[in-house]
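In what follows, a structure is listed as structure tokens, so that the remarks can point back to it.
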Amino acid sequence: MRLDILTLFPDLFPPFLEESILGRAIKKGLVDIKLVNIRDFAEGPHKVTDDRPFGGGEGMVMKAEPICWAVESVGREKNKPFSILLTPQGRKFDQPTAWDLSQKGHLILICGRYEGVDERVRTGCVDMELSIGDYVLSGGELAAMVVVDAVSRLVPGVLGGERSNLEDSFQDGLLEYPHYTRPRVFRGQEVPEILLSGDHEKIRVWRRTESLRRTLQRRPDLLNEARLSEEDRRILEKLKEEAGKIEAGS
Ligand code: 6GU
């Protein structure tokens, strides 16, 4: 998969791209990431990339030409890349979207600055607008890193020996079960007995139950969209009963 990141601050990215899973994916050639400085496409001796807003008001607006020229410089080949503007006004990024994007082959991620981007960028050279959540960042760079990370993990081969991405939290719409490693006792807290039992079926059911419990407690909204088996529904009923009893007792 190829990813081109269009930004005014390319220096923010390399340390992030070189580490860990992503770094290895790049070394193996599974993801090819290029940083494009939008300023290289600005005109004039001062390479101006923003200007005052028509109609007046505070702040500056990113100019349309350098961004659209940068987009067009990247996408000259047959398979047109899919271009995404990162902006708090976009649709909220989630795991199904990450999955869709991982199938695209070539993405362009455009990092806007918070104050704004000329509207003609959206209408003229962008296929999708994405936000990573309901809070304000100074620019789209951190959001682009989030998208690059979440999408790259889904490219075949990237996770290799690591936990398969099918097991990941959110892949089936639930939160993960609790994890433990050595030591068996840490500050008086013991690892649940069942995980030491060697009984794989019991462990599977325990993990699924804890996964459902967590989701019910912390993110009940996810249960509406989650892929639930008959077994899951029975477990959930029990968990809800338990919760009801605790509530009634207190
Ligand atoms: Cl994509 N950009 C900015 N500037 N702020 C954000 C965001 C994006 N997503 C959430 N907040």
Side-chain angles (χ1 to χ4, degrees), residues 1-17 19 22 31 33-42 48-55 57-72 74-75 81-104 106-155 168-170 173 175 218-219 221-222 225:
M1 146 160 274
R2 179 162 164 201
L3 292 151
D4 289 87
I5 303 171
L6 276 49
T7 170
L8 287 170
F9 305 103
D11 294 345
L12 290 175
F13 290 86
F16 165 73
L17 300 175
E19 288 298 323
L22 203 49
V31 286
I33 303 182
K34 295 216 159 52
L35 295 163
V36 178
N37 193 336
I38 294 169
R39 194 170 299 283
D40 293 343
F41 295 85
V48 174
T49 56
D50 59 3
D51 205 341
R52 288 168 311 181
F54 276 122
E58 294 291 301
M60 298 288 269
V61 177
M62 281 176 87
K63 290 161 69 65
E65 303 104 307
I67 297 178
C68 290
W69 288 333
V71 169
E72 285 150 14
V74 166
F82 189 78
S83 72
I84 298 167
L85 177 64
L86 294 149
T87 158
Q89 299 177 47
R91 157 177 140 192
K92 206 181 285 179
F93 184 60
D94 58 13
Q95 194 65 20
T97 309
W99 193 259
D100 284 349
L101 295 179
S102 74
Q103 309 295 97
K104 293 269 185 216
H106 186 176
L107 300 178
I108 299 178
L109 300 173
I110 306 163
C111 306
R113 50 187 281 174
Y114 171 64
E115 296 96 292
V117 174
D118 189 298
E119 188 66 14
R120 275 104 22 120
V121 171
R122 305 164 186 280
T123 50
C125 47
V126 158
D127 298 308
M128 178 192 262
E129 294 170 56
L130 283 182
S131 159
I132 59 164
D134 294 336
Y135 38 79
V136 174
L137 303 170
S138 323
E141 281 75 12
L142 283 168
M145 292 190 209
V146 167
V147 172
V148 167
D149 190 297
V151 170
S152 300
R153 299 168 55 75
L154 300 175
V155 171
D168 261 10
S169 183
F170 283 111
L175 302 183
R218 301 182 184 187
R219 294 293 306 279
D221 58 298
L222 294 177
E225 301 292 328

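Order of appearance sets the numbers: ligands from 1, and atoms from 1 within every ligand.
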Checklist entry - Do the non-hydrogen side-chain atoms of Leu17 and Val148 ever get within less than 4.5 Å of each other? => result yes
Next on the checklist: Quick check against the 3.5 Å criterion: does Ser83 have a side-chain atom that pairs as donor or acceptor with the backbone of Cys125?
Outcome noted: yes
Checklist entry - What's the shortest heavy-atom distance between Ser152 and Leu3, and which atoms? => result OG-CD1, 4.0 Å
Checklist entry - What's the shortest heavy-atom distance between Val61 and Pro53, and which atoms? => result CG2-CB, 3.8 Å
Checklist outcome for this item: The protein residues that pass the under-4.0 Å heavy-atom test against ligand 1 are Leu86, Thr87, Pro88, Leu130, Ser131, Ile132, Gly133, Tyr135, Leu137, Gly139, Ala143
Checklist entry - In terms of heavy-atom contacts, does CD of Glu119 have more than 12 from other residues, nucleotides or ligands at under 6.0 Å? => result yes
Next on the checklist: We want to know whether Thr97 and Asp94 form a side-chain donor-acceptor pair, criterion being a heavy-atom distance below 3.5 angstrom.
Outcome noted: yes
